[in-house]
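Proteins get letters first, then strands, A, B, ... in listed order; numbering begins at 1 in each. Because the structure is predicted, anything quoted here is derived from the model rather than measured.
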Number of protein chains: 2
Amino acid sequence: MTTIKDVAKKAGVSVATVSRFLNNSGYVSTEAAQAVTVAVEELKYELNPIARSLNTKKSNLIGLILPDITNPFFPELARAVEDVALTYGYTVVLCNSDEDPEKEKNYIETLKKKYIAGFIVTSNQLDAPHYANANVPIVALDRTINEKIPTVSSNNKEGAIMGTNALLERGCKHILFLRGPEKLNPANDRYEGFMEAIQRSNVRYQVVTCPFHFADSQKIVERILQENPLIDGIFASSDVSAAGALKAAGTAGKHVPDELQIVGFDGVAMGAMLSPGLTTVAQDVYKMGAVATRVLIKRIENKKIEQNFYEVPVKLVIRGTTRSVVE
Amino acid sequence: MTTIKDVAKKAGVSVATVSRFLNNSGYVSTEAAQAVTVAVEELKYELNPIARSLNTKKSNLIGLILPDITNPFFPELARAVEDVALTYGYTVVLCNSDEDPEKEKNYIETLKKKYIAGFIVTSNQLDAPHYANANVPIVALDRTINEKIPTVSSNNKEGAIMGTNALLERGCKHILFLRGPEKLNPANDRYEGFMEAIQRSNVRYQVVTCPFHFADSQKIVERILQENPLIDGIFASSDVSAAGALKAAGTAGKHVPDELQIVGFDGVAMGAMLSPGLTTVAQDVYKMGAVATRVLIKRIENKKIEQNFYEVPVKLVIRGTTRSVVE
DNA sequence: CTGAAAGCGCTTACAG
DNA sequence: CTGAAAGCGCTTACAG
C-alpha cells in the first residue's frame, strides 16, 4: 500500500505539504503543488480514509435508519439516498430499526464510534433522547418533526385532498376512508386532507383506522362492504391497503370501478400490476430521498440550509380503479 | 471520549494489558483481568473501531453489492443480510451496481480502503478481474459461480420442474414458458427444469424470452395470446413477468384460471395482492441472504466452510391463478 | 509557504 | 504475565 510518506518522498516535500495540498487546506506553493500532483499521479495514491477519520473524527459514512427495507416504500428511498450519497463521495450504511427505539439507539451509538457523518432517519421516535443528544447531523424523513431536525416529507394533506376530490369528481356518493395508524404523522396529515375535502362536499363518508397491511386491510374492508353496501368509493391511505380493498371488492362481488372506485396513496410499483391498475396519489419517493440526502450533506459540510422543512409534491396517477370524470 | 489510556490508568495497568484483555489475545493475570473489567465497567468503555482498523487493517463492515434494491427481489435479501450481520457485530454498506462493472469495481476499491471485511454480491460479472483479484472474502448470491467464490442460490431447476408439473397436473395442454434473460444463471436453470419436465410429458409448449419487466412481459404475452389462442397455461420465470401475463390475460379476455392458468417464480409479496392471487414457485430469499451472510462471516473469521455451493430449497405456493388438480 | 513533531486511539512484537 | 515503545497512515498547530 502506498502511503502519504511515499508521495512526500517522491515529490521531495514533507508529508504535511502533501496533506495540505490534498485537503486543500493551508498554503502550498505552485512548485510543491506540481510535484505532489505528479507523484500522486504516478503512485496512483489515494488518502486512507481510516487514518484520516482517526484524526478528524469524521468519516464519509451516512447512516440510513428506516423501519424495514422490506416495506415497499423504502427501497426506492434507499436507492435515492445511495445515489446522491455516491455523487458526493459518501457511503451508506443500512439500518433496519423495526421502529424499535433500542435498535435505533444501538445503531446510533455503534455508528458514532465509527465517526459517522450523519443520519437520515424515518422513525416515530424522533423525540427520543438518542436523537436529540446524538450530536451529529440528522435529517428526518417522512414521518416526524422536531424543531431542530430538518424534515422532508410529501405534501400529504394536499395529496389527500386531491385523492378525495378524484373520487368526488367521479360521482362517488358514499366514501370510505381507510385511515392509517394514528401515531403516524403522514397518516394524520392525509386524514386532515380527506376531512377537509369531504366536508366541503355533501357526500356521506365513513372513516376506519386500518394498518398498512394487505391482509388486514382486506379483512376490514370485506366486513365494512358487507355492513354498508352503499359505499361506492374507497380512499386508502396507502397502496397496500388499497390493494387489500381491491381484493375485498373482488370477494364481495363488487365490480371495480363500475360499482366501487378505489384510490390509493403512495405510488408503489405494485399498483400498476393490479387489475384494474390502481389509481393513486403517488409520492415522489425518490425525490424525497434525494432531497433529504442533499440537505444532510449540506449540514455535514456546514453549509447553510435555507429551510428546515421540505415538502415534495405529490401527483395523482389515474389508472383503472376509477372511472372517467362526471361532467 | 474515554480511551484505552483512561482504562489503563484506572485499572493500574498498561494499555497493552487492557488491549490484550479486551481482545482476548495473549496472557493476562486474573488480577489484571479483574481490575480491567471493573475499570471498563465504570467508564463504560468500548474500543474505538477506527483506531483498531488502522492497526489491524480490518473493519466489521460488510459490503452488499446488488443490481438495484428497487427490484422486488432484493429488499428481503438485504434485510436478511443486515439481520445476521447485526447478530455477529457487522454493519452493512448498501451498494447499487446497476450491473455496471465500473460501479462494482469502484465500490470494491473504495470499500477496500476502508478495510471492508467482505462482500456479498449479486452480479453477472463475477468473473471480472476486480472480483478475482479483490483479495477479500466474497460470497456470491443467486446469480453466478466462480470456483473460488462460495455461492448460495435457490434450487432453481428443481423449482422449475415443480412449477411445470403444477401446470401439467392441472390439465394444461399448451404451455407457454416465459424464459428470463439468457445470460442469467438462475434463468437458465429454470429453463432447464422446464424443458426436463415438459419433455417428459406429451404436452405442447412454446418458449419465449422475456425480460423481468412488468410492462414488457404484458406486451409480449398479449401478442402471443393473440397468435396462439390454444395456450392454456403460462409458466413465467419471475413473478413480475407473471403479473404481466395476468394483466395480458385480462386485456385478452381470457379468464384466469378457467381458461388460462399462470404460475410465477419468486414469491414476492405482490403476488398475494393480485386478483386472483398468483400461484408461484417461492424462493426463500430471506434464507438465501442469511446463509450467504453466515458463510461470509465464517470466511472472514477464517473458519472452515464445509462446502462451496449452497442450495436453498424452493416451495410451490398455490393461489388463485391455478385450478385444482385433475385426478 | 514549509517541515518537524505531536497526536488521533489503538495493536503488537519485544524484552524482561 | 507485563509494560515501553514503535507503528498503523493520516492531520494540524507551531515555529520558522
Pick base, sugar-phosphate or nothing for [X], based on heavy-atom distances below 4.0 Å to the nucleic acid.
{"X": "B/S19", "result": "base"}
{"X": "B/L47", "result": "sugar-phosphate"}
{"X": "A/K57", "result": "sugar-phosphate"}

Could you tell me whether the phosphate oxygens of [N], OP1 or OP2, come under 4.0 Å of any side-chain nitrogen or oxygen in [X]?
{"X": "B/N55", "N": "C/dT12", "answer": "no"}
{"X": "A/T17", "N": "C/dG3", "answer": "yes"}
{"X": "A/Y45", "N": "D/dC10", "answer": "yes"}
{"X": "A/S29", "N": "C/dT2", "answer": "yes"}
{"X": "B/K113", "N": "D/dG9", "answer": "no"}

How about CD on A/Q34, more than 12 heavy atoms from neighbouring residues, nucleotides or ligands closer than 6.0 Å, or not?
no
More than 12 foreign heavy atoms under 6.0 Å from NZ of A/K287: is that the case here?
no
With no hydrogens and no angle check, is any side-chain donor or acceptor of B/Y115 less than 3.5 Å from a backbone partner on B/K112?
no
Does B/T3 use its side chain to pair, donor to acceptor, with the backbone of B/M1 at less than 3.5 Å?
no
In the strands shown, is D/dA13 matched to any nucleotide by a Watson-Crick or G-U wobble pair with both distances under 3.5 Å, and which?
none
Find the distance [X]:[atom1] to [N]:[atom2] and express it as a whole number of Å.
{"X": "A/Y115", "N": "D/dT11", "atom1": "OH", "atom2": "P", "answer": "15 Å"}
{"X": "B/K9", "N": "C/dG9", "atom1": "NZ", "atom2": "P", "answer": "13 Å"}
{"X": "A/K114", "N": "C/dG9", "atom1": "NZ", "atom2": "P", "answer": "16 Å"}
{"X": "A/N23", "N": "D/dT12", "atom1": "CG", "atom2": "C1'", "answer": "10 Å"}
{"X": "A/E31", "N": "C/dT2", "atom1": "CD", "atom2": "P", "answer": "7 Å"}
{"X": "B/K5", "N": "D/dG3", "atom1": "NZ", "atom2": "C1'", "answer": "14 Å"}
{"X": "B/I4", "N": "C/dC8", "atom1": "CD1", "atom2": "C1'", "answer": "14 Å"}
{"X": "A/F21", "N": "D/dC10", "atom1": "CZ", "atom2": "P", "answer": "15 Å"}

With side-chain hydrogen bond (donor to acceptor under 3.5 Å, both in side chains) as the criterion, how do A/S123 and A/E104 come out once you've worked through the C-alpha distance, each side chain's angles and the decisive distance to 0.1 Å?
CA-CA 9 Å; A/S123 164; A/E104 293 182 358; 2.8 Å; yes
For the side chain of [X], counting heavy atoms from C-beta on, which of [options] is nearest?
{"X": "B/R20", "options": "C/dT11, D/dG9, C/dA13", "answer": "C/dA13"}
{"X": "B/R52", "options": "C/dT11, D/dG3, C/dT2", "answer": "C/dT11"}
{"X": "A/A51", "options": "D/dG9, D/dT12, C/dT12", "answer": "D/dG9"}
{"X": "A/Y27", "options": "C/dT11, C/dT2, D/dG9", "answer": "C/dT2"}
{"X": "B/A16", "options": "D/dA4, C/dG3, D/dT12", "answer": "D/dA4"}

Let me spell it out: for each of B/G26 and A/N48, pick the nucleotide of DNA chain D with the closest heavy atom. Which residue's pick is nearer the 5' end?
B/G26
Is a donor from one side chain sitting under 3.5 angstrom from an acceptor on the other, for B/Y286 and B/D83?
yes
